Amino acid sequence: MARDWGELFITGDGAAARLHEAEEQPDRRRGFFRRLRENMSKTRVALQAEVQATLFEGELDEETWERLEEALIMADVGAPTTAKVVAQLEQEAQEGGLSGGEQLTRRLTELLAEIARTGEDKIDLRHEPTVILTVGVNGTGKTTTIGKLAWHLNNELGKRVVLGAADTYRAAATEQLEQWAQRAGVEIVTGRHGSDPGAVAYDAIAQGRSRGADVVIVDTAGRLHTQDDLMAELSKVRRVIAKQLPDAPHETLLTVDATTGQNGLRQAKLFSDAVDVDGIVLTKLDGTAKGGIALAIASELKIPVKLIGIGEALEDLRPFDPDDFARALLT
Ligand SMILES: Nc1nc2c(ncn2[C@@H]2O[C@H](COP(=O)(O)OP(=O)(O)OP(=O)(O)O)[C@@H](O)[C@H]2O)c(=O)[nH]1
Ligand SMILES: [Mg+2]
């Protein structure tokens, strides 16, 4: 699984490998983890108290496992995922392979990380250009994610990026993306308010192709009159993109707001039924005690979580590493 940006991206020119090497430096690695752990503190504080109380104190009995299950479910790890993980831990404890709170916690961390590992979690940038489409309910963080992603692609990988402002529905949406384009130092293609989103996506890819861009990222609206309208529009945008470039979009990223908990899981299911979703961007993990939702999404929907948002700063969008994530939650 991708531990850093260099591992998240596949590039044909060695740029990702060089970035990975820089990110692998122990100082940087520790810095990333510290920030992840700090920004995830709401979930960690809630979960750790219970884990301490169950795994470290007294006998391991029926009540221990029930309490541990409750704690994980409270953190939105989800009932099916929780049941699987706790049953496995209980079995291993009974077979005598594990003893003491520390060993149990370490094993619990491993089991949670394992369950969060699913599918292809990398983003292949070897297309010319690679087209990334972002979808998701309004306010979940699509535009912000695009801005941060574009920044990393341009500033750390040296990729030439064009943004397509295909959210023509909300008046201020284009302006918001324009600001991000400026911050990230990338180009942007816009359309008039109310104009056809498919046309903007089409033009963005056309411009990307003519300028020799490496990546085109298309923003979309999160709200329309009805959910059916929204899904129909997304399908149309995809069709129009494919007209410009037959195998595009190469990557469809769905943003989910972690603070919406199990509702976010339902949204993810709805979207992935309507459009092919290649990966999830789980945002606002810093604002919730229910960060376990990342594990529920990965294990129940079998869609890899590729990126997580742990704050509003540029460096607060991170590739999702299940091991680091589980460690940040429990230790
Ligand atoms: N704390 C925190 N805030 C975030 C994170 N990601 C996004 N946000 C904030 O969430 C708000 C909504 O983000 P947008 O990027 O505008 O969401 P959107 O999906 O584009 O919304 P629409 O364009 O209305 O569909 C903004 O205020 C962001 O700063 C995160 O990881 N942590
Ligand atoms: Mg937006």
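Keep in mind that this is a model prediction, so the values were computed, not measured. FYI, side chains are in, hydrogens and waters are out, and symmetry mates aren't considered; it's all heavy atoms of this structure. One-based numbering, in listed order, for ligands and for the atoms of each. We're numbering straight along the sequence, starting at 1.
A donor-acceptor distance shorter than 3.5 angstrom exists from the side chain of Arg209 to the backbone of Gln244, with no hydrogens or angles considered. Here the side chain of Asp121 pairs a donor or acceptor atom with the backbone of Ala2 at under 3.5 angstrom.
In summary, an N, O or S atom of Thr143 is located under 2.8 Å from the Mg ion (ligand 2).
Between Arg18 and Glu21 there is no salt bridge, since no side-chain N of the basic residue sits under 4.0 Å from a carboxylate O of the acidic one. The residues Lys269 and Asp273 are annotated as salt-bridged, a charged nitrogen and a carboxylate oxygen being separated by less than 4.0 angstrom.
Exactly one of Thr130, Asn154, Asp13 qualifies for a side-chain contact (heavy atoms from CB on, under 4.5 Å) with Lys159. That residue is Asp13. Evaluated for a side-chain hydrogen bond (donor to acceptor under 3.5 Å, both in side chains) with Asp324, the options Arg29, Arg318, Arg3, Arg37 yield exactly one hit, Arg3.
A heavy-atom cutoff of 4.0 Å around ligand 1 is satisfied by the protein residues Val137, Asn138, Gly139, Thr140, Gly141, Lys142, Thr143, Thr144, Asp167, Arg170, Gln176, Gly222, Thr283, Lys284, Asp286, Gly309, Ile310, Gly311, Glu312.
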